[in-house]
There are 2 protein chains.
Amino acid sequence: MSERANIRDVAAMAGVAVKTVSRVLNGHPYVSADTRARVEEAMQKLDFRPSVAARILSGSKSNQIALIYDNHSPFYMFQIQTGCWEQCKQHNIRLLAQPVDVTDPTVGEQVRGLVTETHVDGIILSSPVTDCEPVLRALEALDLPFVRISPGTNHALTSSVFMDDTQAADDMTTYLINQGHRRIGFIKGHQSHMASEDRLFGYRRALDRVGIQFEPSLVFEGEFDFESGVRAAQYLLDLPEVPTAIFASNDDMAAGVLAEAHSRGIEIPTELSVTGFDDTTLARTVWPPLTTIHQPMAELAQTATEILIAGNEITHRRLPHSLIERASVAPPLRKTI
Amino acid sequence: MSERANIRDVAAMAGVAVKTVSRVLNGHPYVSADTRARVEEAMQKLDFRPSVAARILSGSKSNQIALIYDNHSPFYMFQIQTGCWEQCKQHNIRLLAQPVDVTDPTVGEQVRGLVTETHVDGIILSSPVTDCEPVLRALEALDLPFVRISPGTNHALTSSVFMDDTQAADDMTTYLINQGHRRIGFIKGHQSHMASEDRLFGYRRALDRVGIQFEPSLVFEGEFDFESGVRAAQYLLDLPEVPTAIFASNDDMAAGVLAEAHSRGIEIPTELSVTGFDDTTLARTVWPPLTTIHQPMAELAQTATEILIAGNEITHRRLPHSLIERASVAPPLRKTI
DNA sequence: ACTCGCATGTCCAGCGCTGGACATTTCGCG
DNA sequence: CGCGAAATGTCCAGCGCTGGACATGCGAGT
């Protein structure tokens with residue numbers, strides 16, 4: 001009873017040829033609705049599961065795709081994985097989540113290995129693997145379709161989904177300015193993330209628009225993690241003329257700012273406004289809850305997966321972001337400048 | 001040049017029989033060190049990657065294991081995945097991370113499907129799937145080795161790794177008592193997590209030991225998430241006689257307590273002590289950083305993977321926990337009782 | 001009645017590897 | 001020197017499925 005059902009068993013039960021079952025399995029045309037139903041019923045009854053291995057070996061699609069990532073933010077990865085997973089589930093395709101280390105000189109080899117070993121049909125690259133040259137080259141050499149989530153560089157030959165980081169940072173900066181802030185600290189992200197530059201650019205653009213002079217000393221280069229947020233806050237709050245608001249380019253760093261401010265007895269948001277970026281669950285978990293940019297990570301992942309599965313032409317899709325007002329921003333106490 | 005190398009190619013280059021290459025691949029005895037070296041060199045040069053599919057199909061091991069999870073805490077899953085992954089990498093085996101929904105009536109089927117489709121050699125169950133009857137039954141029917149991470153129920157027929165939740169909760173409670181607290185609120189976790197009961201039991205045991213009367217009204221049943229922590233805090237802080245300390249049985253709920261306290265202007269830890277459980281990165285990210293129990297999640301996952309890969313006899317391994325003192329606990333202001 | 005196009009069946013090779021059965025050679029050691 | 005174990009080879013079937021080539025039956029359109 002526990003013997004795994006065969007395609008032959010299914011054929012027998014449905015009273016059709018093995019070939020027909022195969023046709024049903026692969027969504028061939030030229031199968032009548034009636035036959036298809038009978039076959040599907042038999043598959044159901046026998047709890048038949050086509051062996052992925054056999055299908056791969058016999059040269060068809062593997063019905064597997066891989067998600068390659070290297071990101072140490074649990075939140076980010078969780079959302080991305082979940083987004084991909086949901087889409088895969090609907091299409092009945094299997095997802096292999098594969099962590100890699102972009103700084104490892106053998107990444108390219110690793111990816112090639114993954115592909116040749118598992119015969120995945122396509123690949124989703126999440127940032128920052130999206131801009132990892134060795135991986136990109138390996139994938140191109142293998143001639144495998146892939147789509148990139150939030151790539152930094154543009155690449156006409158490959159699909160991608162992304163949000164407008166520059167505009168989002170601009171929005172946030174403008175929001176802060178509208179609240180009355182003129183002196184706004186900015187915590188930049190790590191260089192390996194191309195988005196870091198875009199966000200900085202958005203910040204500058206918003207400043208320029210209203211004629212606020214950009215001041216390099218107000219920018220601190222962080223690494224997207226909590227600790228660098230703390231360091232950034234230490235730096236910015238020790239400035240001779242301290243900013244009235246700090247715009248961290250992700251939530252983790254904003255949390256670091258919050259922590260440092262707390263430990264100095266600085267009250268948020270009355271004495272200092274803080275904003276994040278990403279809208280990870282962290283933004284709701286810290287105190288006060290962060291005003292931040294909602295980056296639609298799950299949707300990005302879902303869309304990427306859709307595009308990959310549809311697998312037709314190269315697609316580039318921009319998804320909308322939004323500014324989430326919570327409680328970490330208030331007008332400045334003392335007007336600076 | 002980009003043609004995938006064959007086992008035949010390797011054999012040819014190494015000047016041996018295909019069978020010998022296969023022997024090397026499968027770690028057979030009766031292969032001289034010299035031959036093995038030659039074969040390995042050839043594999044290297046040709047960048048040969050044995051097709052997982054072919055190996056599975058030909059009836060050998062698949063060199064794949066699956067990690068099955070259903071846990072909405074990104075931190076937890078990230079750590080578990082990372083732990084498994086590292087171990088797998090060392091043994092050169094592939095990890096399939098598979099989310100499921102334990103409340104779905106078809107979980108059993110889903111798992112059976114996963115196994116028969118992918119031919120994984122073994123399975124790692126992370127909490128709460130560890131105690132999901134349908135999954136357990138399916139796995140037993142399939143006669144597949146599996147190991148459980150932090151199972152709630154005991155199961156002599158299956159391997160497991162775990163920590164002593166009761167002792168840990170006891171430790172934490174005792175610590176709080178030693179700081180002078182007598183009236184300690186406890187936020188219980190969700191029932192589906194068996195560990196919830198253990199932690200509650202540890203809390204009671206510590207209370208009993210020093211002769212503090214257990215008070216059911218000081219226990220709030222949460223759901224392991226931030227929001228339920230907030231609700232718990234609202235409840236506990238509205239009690240006629242408010243506790244001087246709140247022990248949340250995970251960090252997310254502790255963060256909720258922190259948030260609620262902040263919004264009421266209650267100062268932590270001077271006016272209220274708060275402790276968490278798990279030592280997720282969240283514990284370091286909130287303010288003040290949480291005194292919590294370090295649950296060795298990555299190690300648990302690693303150990304589980306090791307056991308599964310070694311795959312010999314049934315093993316049960318307890319890993320040590322530790323109490324991490326940070327800044328969310330202080331002696332109570334006013335002695336209660 | 002005669003095509004078509006659809007729906008299905010038959011037959012067979014082959015994906016890349018392993019396992020079993022067995023043969024052969026080499027080598028150390030008593 | 002002879003024997004058994006170690007080291008390798010040969011040969012072949014088969015895992016479960018798909019794809020191609022081709023045959024056939026059947027109903028609809030002209």
Side-chain angles (χ1 to χ4, degrees), chain A residues 3-40 42-43 46-64 92-94 113 115-121, chain B residues 3-40 42-43 46-64 92-94 113 115-121:
Chain A
E3 297 305 313
R4 40 158 58 52
N6 223 354
I7 194 174
R8 276 181 283 272
D9 303 336
V10 176
M13 171 172 274
V16 297
V18 168
K19 182 81 201 189
T20 304
V21 178
S22 175
R23 285 185 178 122
V24 171
L25 233 34
N26 294 283
H28 252 256
Y30 298 174
V31 178
S32 69
D34 179 62
T35 308
R36 168 165 284 120
R38 282 216 322 288
V39 170
E40 269 162 2
M43 296 201 295
L46 292 169
D47 189 27
F48 167 70
R49 312 283 181 161
S51 157
V52 177
R55 304 182 80 178
I56 291 173
L57 206 53
S58 60
S60 79
K61 294 183 305 159
S62 71
N63 290 308
Q64 298 187 125
N92 222 299
I93 94 123
R94 198 153 299 280
V115 173
T116 59
E117 275 175 32
T118 64
H119 306 259
V120 288
D121 298 327
Chain B
E3 297 304 311
R4 37 158 62 48
N6 223 353
I7 193 174
R8 277 182 282 273
D9 303 336
V10 176
M13 172 172 274
V16 297
V18 167
K19 180 83 202 187
T20 304
V21 178
S22 174
R23 284 184 179 122
V24 171
L25 234 34
N26 294 282
H28 252 256
Y30 297 176
V31 178
S32 69
D34 179 59
T35 307
R36 167 166 283 118
R38 281 218 321 289
V39 170
E40 270 162 0
M43 298 200 295
L46 292 169
D47 189 28
F48 168 70
R49 311 283 181 163
S51 156
V52 177
R55 305 182 79 177
I56 292 173
L57 205 53
S58 62
S60 79
K61 293 184 305 158
S62 70
N63 290 309
Q64 297 187 127
N92 221 297
I93 94 125
R94 198 152 300 278
V115 173
T116 59
E117 276 176 31
T118 64
H119 306 259
V120 288
D121 297 326

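Side chains are part of it too, since the values below use all heavy atoms of this structure and drop only hydrogens, waters and symmetry mates. Computed from a predicted model, the values in this text were never measured in an experiment.
- Proximity of A:Asp47 to A:Arg49: side-chain heavy atoms (C-beta onward) are separated by under 4.5 Å at one or more points.
- Checked by atom type and distance alone, the side chain of B:Asp121 never pairs as donor or acceptor with a backbone atom of B:Lys61 at under 3.5 Å.
- Atoms CZ (A:Arg38) and P (C:dA7) sit 14 Å apart, rounded to a whole Å.
- Pairs engaging residues 24-35 of chain B under the salt bridge (charged side-chain N to carboxylate O under 4.0 Å, His left out) rule: B:Asp34-B:Arg38 [sequence neighbours left out].
- When rounded to the nearest whole Å, the span between OH of B:Tyr30 and P of D:dG9 equals 16 Å.
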What are the atom names and distances for every N/O pair under 3.5 Å that joins the protein to nucleotides 16-19 of chain C?
{"from": "C:dG16", "atom 1": "N2", "to": "B:Ala54", "atom 2": "O", "distance (Å)": "3.3"}
{"from": "C:dC17", "atom 1": "OP2", "to": "B:Asn6", "atom 2": "OD1", "distance (Å)": "3.1"}
{"from": "C:dC17", "atom 1": "OP2", "to": "B:Ile7", "atom 2": "N", "distance (Å)": "2.8"}
{"from": "C:dT18", "atom 1": "OP1", "to": "B:Asn26", "atom 2": "ND2", "distance (Å)": "2.8"}
{"from": "C:dT18", "atom 1": "OP1", "to": "B:Arg55", "atom 2": "NE", "distance (Å)": "3.3"}
{"from": "C:dT18", "atom 1": "OP2", "to": "B:Ser22", "atom 2": "OG", "distance (Å)": "2.8"}
{"from": "C:dT18", "atom 1": "O4'", "to": "B:Ser58", "atom 2": "OG", "distance (Å)": "2.8"}
{"from": "C:dG19", "atom 1": "N7", "to": "B:Lys19", "atom 2": "NZ", "distance (Å)": "2.6"}

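- When side chains are defined from C-beta on, B:Phe48 counts as touching B:Ile7, because their heavy atoms get closer than 4.5 Å.
- Counting heavy atoms from C-beta on, the side chains of A:Val52 and A:Arg55 never come closer than 4.5 Å.
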